[in-house]
Each structure stands twice: as C-alpha cells, then as structure tokens.
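Computed from a predicted model, the values in this text were never measured in an experiment.
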Amino acid sequence: MDEAKVVEAKDGTISVASAFPGHQEDAQDRDLKYLSKAVEEAYEAVDRGHGRPFGAVVVRNDQVIVSCHNMVLNDTDPTAHAEMTAIREACKKLGKIDLSDCEMYASCEPCPMCFGAVHLSRIKRLVYGAKAEAAVAIGFDSFIADALRGTGFYQRTNMEIKRADGNGALLAEQVFENTKGKFRMK
C-alpha cells in the first residue's frame with residue numbers, strides 16, 4: 001500500500017502527496033492543464049466583453065464537464081462569476097446538484113460567494129491560480145481579499161443588515177418547520 005505524505009505550504013494550504021514515484025509530478029501536470037484552461041477562459045471573458053478576467057473549469061474523471069468564464073456584464077448579473085456559472089452549467093449538464101465527484105479549477109482564488117457555492121455543491125477539490133490580492137491590485141474591491149483573510153471591515157458598503165423583528169422572523173423560521181417533511185437532506 002502506498003504511503004501518503006501531508007505537505008503544508010507557506011501559505012497554509014495543505015496537500016497530500018503519494019509515495020508513488022512520479023505521482024506528484026503527474027498531479028502537477030494535470031493541475032496545470034486544467035488551470036491553463038481556466039486562465040484561457042479568463043482572457044475570453046474580457047476579449048468577448050462578457051465580464052471580468054476570471055475563468056473556471058469543472059472536471060470529472062479527468063474529463064472537462066464545463067469550461068466557463070465571468071459573465072457579469074453579458075448577463076447583467078453580479079452573481080455570474082466564473083465559478084458560479086461553471087457550477088450552474090455543470091449541475092445542468094450532469095442533472096444533479098451534488099458535484100462531489102468533480103473538481104474545480106479557477107483562475108483566481110474564489111470570492112466568499114463562489115467559495116460558498118463550491119462548498120454547497122460539494123466539489124471534492126478546488127485548485128486556483130492567482131490569489132485574491134492580484135485582483136485587488138488592479139482595482140477589484142478589497143472586500144473579497146479582506147473577507148477571505150479576515151483583515152477588513154464588512155461595513156465598507158452602505159448597507160444596513162438587520163434581522164426582522166417579531167412576526168417577520170417567526171414567519172420566516174416557520175418555513176423550515178412546515179416543509180421539513182417534503183424534502184431530504186443528505
């Protein structure tokens with residue numbers, strides 16, 4: 001049986017390397033192949049005027065399921081980030097919402113919204129290229145990097161966040177109790 005070695009990088013990421021000779025190099029080549037495709041999508045987003053320079057690829061069993069880019073401008077949708085678009089398209093193509101047999105390659109570290117979607121879709125592995133600070137360096141909102149690193153204040157937006165009082169909160173909470181028998185959670 002091959003032994004596995006846990007490796008922690010300086011940035012805190014953790015990976016597992018097999019003792020099998022050449023395994024780590026094969027994995028790096030594979031990651032580079034799919035990450036390069038995500039980067040191509042990032043260029044395409046800008047070149048086609050669809051959105052900002054972000055791309056994402058969903059892979060299953062070493063096959064590309066979808067290859068997408070940021071569609072924020074094209075769709076007039078602030079949630080149409082590359083990762084969100086890739087997850088939506090992969091779910092449609094595979095006919096399921098559980099992507100636990102898939103991996104995602106993203107050109108940039110996902111924002112909190114996209115990371116949440118990756119988590120909720122149960123993608124088993126996420127590989128990203130650039131850190132969020134690279135996007136901040138060219139003018140993207142530092143909220144993303146601050147939220148990921150816990151280094152900023154969430155009050156930068158001019159938005160009040162308040163939980164509903166009394167009956168509004170009760171009404172919203174009842175939906176969970178009233179529907180729990182109509183679906184199954186895994």
Side chains of [X] and [Y]: closer than 4.5 Å at any heavy-atom pair?
| X | Y | answer |
| --- | --- | --- |
| Cys68 | Ile87 | no |
| Asp77 | Met71 | no |
| Val72 | His81 | yes |
| Cys91 | Leu99 | yes |
| Phe115 | Tyr128 | no |
| Glu89 | Val58 | no |

Any sub-3.5 Å donor-acceptor pair from Asn70's side-chain atoms to Arg52's backbone N or O?
-> yes

Ring centres of Phe54 and Phe140 under 6.0 Å apart?
->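 So the answer is yes for these two rings.
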
Report yes or no: do Arg125 and Tyr105 form a side-chain donor-acceptor pair below 3.5 Å?
->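 Yes, side-chain donor-acceptor contact under 3.5 Å.
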
For Thr79 and Arg88, does a side-chain donor sit closer than 3.5 Å to a side-chain acceptor?
->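 Present: a donor and an acceptor within the cut-off.
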
Could you grab the distance from atom NZ of Lys37 to atom OG of Ser67, nearest 0.5 Å is fine?
-> 4.0 Å

Hey, what do you get for CD1 (Ile65) to CD (Glu103), rounding to the nearest 0.5 Å?
->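 Result: 11.0 Å between the selected atoms.
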
Do Met104 and Leu94 sit in the same hydrophobic cluster, where Ile, Leu, Val, Met, Phe, Trp and Tyr count as joined when their side-chain heavy atoms come under 4.5 Å apart?
-> yes

Taking all heavy atoms of Val127 and all of Leu35, pick out the closest pair and write down the distance.
->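 What the structure gives for the nearest pair is O-CD1, 4.3 Å.
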
Give a yes or no on this: more than 12 heavy atoms of other residues, nucleotides or ligands lie within 6.0 Å of atom CD1 of Ile97.
->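 No, CD1 of Ile97 has 12 or fewer neighbouring heavy atoms, counting only those of other groups under 6.0 Å.
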
Assess whether side chain to side chain contact (heavy atoms under 4.5 Å, CB included) is satisfied between Asp75 and His50, documenting all intermediate values.
-> CA-CA 8 Å; Asp75 296 354; His50 289 171; over 6 Å; no

Electrostatic pair Glu41-Arg48, nearest N-O below 4.0 angstrom =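 So Glu41 does not pair with Arg48 through a salt bridge.
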
So, are Asp101 and Lys124 salt-bridged, with charged N and O less than 4.0 Å apart?
-> no

